[in-house]
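Heads up: the structure comes next, in structure tokens.
Since the model is a prediction, treat every value here as computed from it, not as a measurement. Every chain is numbered from 1, with letters handed out A, B, ... down the list of sequences.
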Amino acid sequence: MSALELRGCARVISGPRRGDDINTDYIITSRRKRESLDPQVLRQYLFEEIDPAFAASVAAGDIIVAGKNFGCGSAMEVAVTAVLGAGIRAVLARSFSRTYYRNAINNGLLPVICDTQGIHEGDLLVISHDAEMKVRNTTTNETLTADTLPQIMLDIFDAGGLVPYFRQHGDFRV
Amino acid sequence: MLGKTISEKILSVKSGRDARAGDLVVCRVDCALGTDGSTPMALDYFDAMGGKRVFDPERIVFCLDHYAPAPNRATGLLHQRMRDFAAMHGIPLWEVGDGIGHQLIVESGRAQPGSLVVGADSHAVTYGALNTFGTGIGSSDLAAILMSGRIWLRVPESIKVMLTGCLAEDVYPKDIALALASELGADGASYQALEFSGPALAALDLEDRLVLSNLAVEMGAKNGIFPADDKTLAYLRDRASGPFHAVEADPDAHYVREITLDLDSLVPQLALPHQVDRVIEIRDAIGTPVQMVYLGTCTGGRVRDFHQALAVLKAGGGVAHGVQLVVTPASRSVLETLTRDGTLAEFISMGAVIVTPGCGSCCGTCGAIPGDGVNVISTANRNFKGRMGNSNAAIYLASPASCAAAAVSGKIADPREVHK
Ligand code: SF4
């Protein structure tokens, strides 16, 4: 993977289960999708069911931090593009639902699997990956090791997502 | 070398290599479903990828089910876009009113033993009932399939779910699935396959198996797969021409976990708002008031679900005052059967609201939306806050019989008590 560094402010999502099992309907409700698929429209409603103040306060570069099973439920991809629409480039979670994980990779949103329990709202985080993926919490001075991405996911993510990947190759390269 | 699970074997065939749990493989798909919830975005991706020609239109099918009929102009335009694209590229399309895509994939014989069928919708896991590797994908994945006919997949580890014993009266496959969700939790099978097995399978009809496979994703599973047997082949006899390549697990296949569920001792279950794995025995919630009862969805909208519900409603003397009973058949064929056999007329005479076959208000995109403070009991698979279009409503999940029992009294009730 090409070296990459993302810096941003931790935005801890809590919801009914202290950050666990944040489903895609909580990220963006299905009924909003009925009105528009435009990420710039949908970003206004991010997390409205569980954190109504989030959308207005999110800033480009912020990093979402959650517990386990982030993005469970519906496979709807707007739950990824709406997050990207708000300028967020990475989500940290203890685990992801598989559909959210693949949608994230396919759109160039970095899903980072690590132990998020010690991260607090507002902490300044630096995600870096050269040989391995690391998350440095500059507020607490802790460094977490994250799961690295398998090769084909790296290729897709490095290309910028599945669209640029396919524009480049026209098919999967195996 | 160890033997293989059903999922490892199917993905080996579809990827053309010796696929083992944990491997990332690129597979040829036998069929891919796009719904009106996911396809419009997939078409944007397809255009952005520079797509001109669809790789194999016969292996794709579109379905207009989430907005059926279209509740507003924006969704009407999405439908039109899908119709235009399908017509231009020769892709089959199921129209508004034909039913829920997952149900139609099964009814049309597209989910076959040993095949790989994906859907741009999480409940594509339903096809596992037919020994199909069925899994949910996103819109970008669907676009890649339109381009190339292929998809990248991580080969899942498998959890063996052993079912023993047999279900008591008034206990149903939905109760098995909820008990399993409770045992595993919402992420207990993340990235993994559920492989059903055990002596109880033979007694489960295909419609029963569909319920178990359908709910697999609520435990985070990638797929929920059954072996094929006479019932699988009997179901497919008039729907597909074969030959079918049924796949069974090797005796020395490796499972990350084995769980056994004894059906003999199972009692009716209930998922509490707003999590599918917050499950209790229904007898511990008796008396909770209910204002809406929802019968439908890709979990509980098939013919036998309505028959089971109607039997309880009749035994109990109909629908209580103040309860809205909503009936949404999973497909036109289900609706036709219910019309022919008189079930529909009975529901209508009990004051039920009948909704166009499709997703209805399952995810709050059309159909009957509950009001503020309303408790809903539903045959669906999800009860997240806001799921049915109103975050001030609360959704309970149960079997069709348990939902009907609640309709009888206006309160959550044990279906075993209604007959007495
Ligand atoms: S019926 Fe409900 S769960 Fe099934 S596909 Fe439609 S919206 Fe999804």
Side-chain angles (χ1 to χ4, degrees), chain A residues 15-17 20-26 29-31 33-37 48-50 67-70 72-81 94-107 149-153 155-156 161-174, chain B residues 15 24-26 37-38 40-42 44-45 48-51 66-67 71-72 74-75 78 119-124 135-141 143-144 147-148 150-154 156 185-187 190-191 217-218 220-222 274-275 277 363-366 369 382 384-387 389 391:
Chain A
R17 281 191 166 177
D20 291 343
D21 303 320
I22 302 289
N23 61 63
T24 49
D25 281 80
Y26 290 168
T29 75
S30 299
R31 67 174 188 280
K33 198 177 74 164
R34 215 172 70 166
E35 316 296 334
S36 171
L37 295 174
E48 65 175 321
E49 300 284 1
I50 55 170
K68 61 188 176 69
N69 204 23
F70 187 81
C72 60
S74 159
M76 57 178 167
E77 206 146 329
V78 286
V80 167
T81 55
R94 283 163 66 203
S95 66
F96 289 85
S97 88
R98 52 164 292 273
T99 41
Y100 196 87
Y101 193 82
R102 62 184 302 132
N103 286 341
I105 297 283
N106 283 352
N107 286 279
L149 299 176
Q151 193 57 47
I152 184 161
M153 295 191 207
D155 292 346
I156 294 169
L162 206 52
V163 164
Y165 180 93
F166 260 78
R167 284 194 78 91
Q168 227 173 314
H169 308 295
D171 198 344
F172 289 104
R173 272 185 321 163
V174 270
Chain B
S15 66
L24 271 147
V25 292
V26 174
S38 55
M41 245 179 120
D44 288 341
Y45 284 112
M49 285 171 181
H66 283 63
Y67 312 108
N72 60 7
T75 49
L78 297 181
D121 185 279
S122 58
H123 288 101
T135 195
I137 60 170
S139 299
S140 51
D141 290 316
M147 297 277 291
S148 69
R150 305 203 290 169
I151 186 166
W152 65 271
L153 290 170
R154 182 185 169 281
D187 68 339
S190 270
Y191 310 111
V217 70
E218 307 316 325
K222 182 167 207 153
H274 306 283
Q275 291 287 341
D277 61 351
C363 66
T365 44
C366 57
I369 308 296
R382 282 192 183 136
F384 306 149
K385 197 167 179 243
R387 172 76 180 170
S391 47

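Interface remark: A:F96 contributes backbone and side-chain atoms alike to the contact with chain B (heavy atom separation under 4.5 Å). Using a 4.5 Å cut-off between heavy atoms, A:D20 makes no contact with chain B at all. Neither the backbone nor the side chain of A:S36 comes within contact range of chain B; no heavy atoms are under 4.5 Å apart. Proximity to chain A is limited to the side chain of B:R382, based on heavy atoms less than 4.5 angstrom apart. For a residue to count as touching a neighbouring chain, one of its non-hydrogen atoms must lie under 4.5 Å from one of that chain's; by this rule B:I369 does not touch chain A. Proximity to chain A is limited to the side chain of B:Y67, based on heavy atoms less than 4.5 angstrom apart. Within the 4.5 angstrom heavy-atom criterion, atoms from both the backbone and the side chain of A:V78 approach chain B. With a threshold of 4.5 angstrom between heavy atoms, A:Y101 approaches chain B through side-chain atoms but not through N, CA, C or O. In this structure, chain B has no heavy atom under 4.5 Å from any part of A:I50. In this structure, the portion of A:I152 lying under 4.5 Å from any heavy atom of chain B is its side chain and not its backbone. Neither the backbone nor the side chain of B:P156 comes within contact range of chain A, judged by heavy atoms closer than 4.5 Å. Residue contact with chain A, scored on non-hydrogen atoms closer than 4.5 Å, involves the backbone and the side chain of B:H274 alike.
Rounded to the nearest 0.5 angstrom, B:K222 NZ and A:R102 CZ are separated by 6.5 Å. The distance from the OG atom of B:S122 to the CZ atom of A:R98 is 9.5 Å, given to the nearest 0.5 Å. The line from CZ of A:R94 to CZ of A:F70 is 14.5 Å long, rounded to the nearest 0.5 Å.
Of the listed residues (B:L78, B:T75, B:V217), the one with the most heavy-atom contacts under 4.5 Å to chain A is B:T75. Most heavy-atom pairs under 4.5 Å with chain A, from the set B:Q275, B:R387, B:R154: that is B:Q275. Counting heavy-atom pairs under 4.5 Å between each of A:T81, A:V80, A:N23 and chain B puts A:N23 at the top. Contacts with chain A were tallied for B:S140, B:A42, B:A74; B:S140 has the most, counting heavy-atom pairs under 4.5 Å. Ranking A:E77, A:R167, A:E35 against chain B, the residue ahead of the rest is A:E77, based on heavy-atom pairs under 4.5 Å. By number of non-hydrogen pairs under 4.5 angstrom with chain A, the leading residue of B:R150, B:H66, B:M147 is B:R150. Listed options A:Q168, A:M76, A:K68 were ranked by heavy-atom pairs under 4.5 angstrom with chain B; first place goes to A:K68. Ranking B:A124, B:G119, B:G220, B:A144 against chain A, the residue ahead of the rest is B:A144, based on heavy-atom pairs under 4.5 Å.
Here the closest heavy-atom approach between residue B:A120 and residue B:S38 is recorded as O-OG, 2.8 Å. Here the shortest heavy-atom pairing between B:G138 and A:N103 reads CA-OD1, 3.2 Å.
The backbone N or O of A:N69 sits nowhere less than 3.5 Å from a side-chain atom of A:S97 that would complete a donor-acceptor pair. Using modelled atom types, no side-chain atom of B:S391 and backbone atom of B:K385 make a donor-acceptor pair closer than 3.5 Å. The backbone N or O of B:T365 lies less than 3.5 Å from a partner atom in the side chain of A:R34, making a donor-acceptor pair. At distances below 3.5 Å, not a single donor-acceptor pair connects side-chain atoms of A:Y26 with backbone N or O atoms of B:F384.
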Side chain to side chain donor-acceptor pair (under 3.5 Å) between A:S30 and A:D25, worked out
CA-CA 6 Å; A:S30 299; A:D25 281 80; 3.1 Å; yes
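Classification of A:R17 and B:D277 as a salt-bridged pair holds, one side-chain N sitting under 4.0 Å from a carboxylate O.
A side chain to side chain contact (heavy atoms under 4.5 Å, CB included) with A:I105 is found for one member of A:I156, A:L162, A:D155 and no other, namely A:I156.
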